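In what follows, a single structure is set out as structure tokens and then discussed.
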Protein chains: 2
Amino acid sequence: MRPESEVFREFLIHKGMRSTPEREEILAEVFAHHDHFDVEELIMRLRRRGLRISRASVYRTLALLVESGMVGEVYIEDGHMHYEHIYGHEHHCHLRCLGCRKLIEFRNGSLKEMEKRIGQENDFEIIGHKLEIYGYCAACRGEES
Amino acid sequence: MRPESEVFREFLIHKGMRSTPEREEILAEVFAHHDHFDVEELIMRLRRRGLRISRASVYRTLALLVESGMVGEVYIEDGHMHYEHIYGHEHHCHLRCLGCRKLIEFRNGSLKEMEKRIGQENDFEIIGHKLEIYGYCAACRGEES
DNA sequence: TTGTAAATGAGACTCTATATCATTATTTTA
DNA sequence: TAAAATAATGATATAGAGTCTCATTTACAA
């Protein structure tokens, strides 16, 4: 698998954009941890490494990473966007509890074929998918009755 | 199929909450049209019908409708949340273009079994799901090269 | 009917995200 | 390699979605 930095750099060049130290640092930090994160957390982590990259650049670079398909958006329901890296990591889906809003991750390898078919039917080049199943977790079902 | 109003009223009672004219009007308006909508649009539509329901109540009621599973959230990528009614309507999924951000709807009936299996494996009572496939639409693929 | 618990409405407030623009950095070209 | 052209960054202003507060009103139970 090609390194993230290389893939991202190619994406940028392909768009007629430049590779900058800020973009590379943000990319590195995004792929350095394995949890969902939001912009504020990402900025804090960069600060801890001694980097003072502006909020605006972080937002801008994240938008590019999403566009490239290397990073995914996850709407966690606490009012703002969260992100997760995708490139080079096993795909997972989300179970969301409508009662407590909790988000549970689970592996799910069985969407590949369906994805392919849908892409063909809709003339769409598929990069990835986001499956969120919602319902009620065991704890919330207990409380209800 | 039982009418929306009845299902929602039961949901409210089950939660120890009250049925109010405001909640019923909002419910009716949500199910009166078939497109994605946001809070601002919903308030305008209520106004056109001569109803002056406050923004706060609209937000509060929508949250309840989402919790009940009758309405789904769709993050349209223009910076704020959009909604769609679900109860009693055929399920559809979304294709999102990473280039132009366009959202394309498509029917997809083939997730039922997978859903069932996932629910059992995770001790989760499944109400519905949200599948978003992202990639590049034909127009954006053309522009790129 | 009356009491009480819950819901509404108005508007202040918070905070995420975007826009602006002067400055700085990168790339191109001559 | 220097200068010109172009793009990116950073600081900060701004926009706007969504939440909170609390006084008033309403729904429901007894």
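Bear in mind the structure is a predicted one, so any value in this text is a computation, not a measurement. In what follows, chains are A, B, ... by sequence order, proteins preceding strands, each numbered from 1.
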Can you measure [X] atom [atom1] to [N] atom [atom2] for me and round it to whole angstrom units?
X	N	atom1	atom2	result
E22(A)	dT26(C)	CD	P	8 Å
L12(B)	dA6(C)	CG	P	14 Å
E24(B)	dT8(C)	CD	P	11 Å
I43(B)	dG16(D)	CD1	P	15 Å
L64(A)	dA7(D)	CG	C1'	12 Å
E25(B)	dA7(C)	CD	P	18 Å
L51(B)	dT8(C)	CG	C1'	14 Å
M17(A)	dT28(C)	CE	C1'	18 Å

[X] side-chain N/O to [N] phosphate OP1/OP2 under 4.0 Å:
X	N	value
T20(B)	dT8(C)	yes
R18(B)	dT26(D)	no
S57(A)	dG10(D)	yes

- Spell out protein contact along nucleotides 10-21 of chain C as letters: B when the base is contacted, S when just the sugar-phosphate is, - when no protein heavy atom is under 4.0 Å; keep the 5' to 3' order. B-----SBBB--
Return yes if a side-chain donor-acceptor contact under 3.5 Å exists between [X] and [Y], otherwise no.
X	Y	value
H36(A)	E105(A)	yes
E84(A)	H92(A)	yes
E4(B)	H85(B)	no

Would you indicate whether the side-chain heavy atoms of [Y] and [X] approach each other to under 4.5 Å?
X	Y	value
M70(B)	F11(B)	no
E41(A)	H33(A)	no
I133(B)	F106(B)	yes
Y75(B)	E132(B)	no

- Query: Out of dT9(D), dT26(C), dC28(D), which has the shortest distance to the side chain of P21(A)?
  - Reply: dT26(C)
- At what angle, to 10 degrees, do the two end axes of the helix from dT1(C)-dA30(D) to dA30(C)-dT1(D) meet, given five pairs define each axis? 40°
- Message: I'd like to know if the side chain of K130(A) and the backbone of E73(A) have a donor-acceptor N/O pair within less than 3.5 Å.
- Response: yes
- Find out whether the Lys NZ or Arg CZ of R23(A) is both under 6.0 angstrom from the six-membered ring centre of F8(A) and within 45° of the ring's axis. no
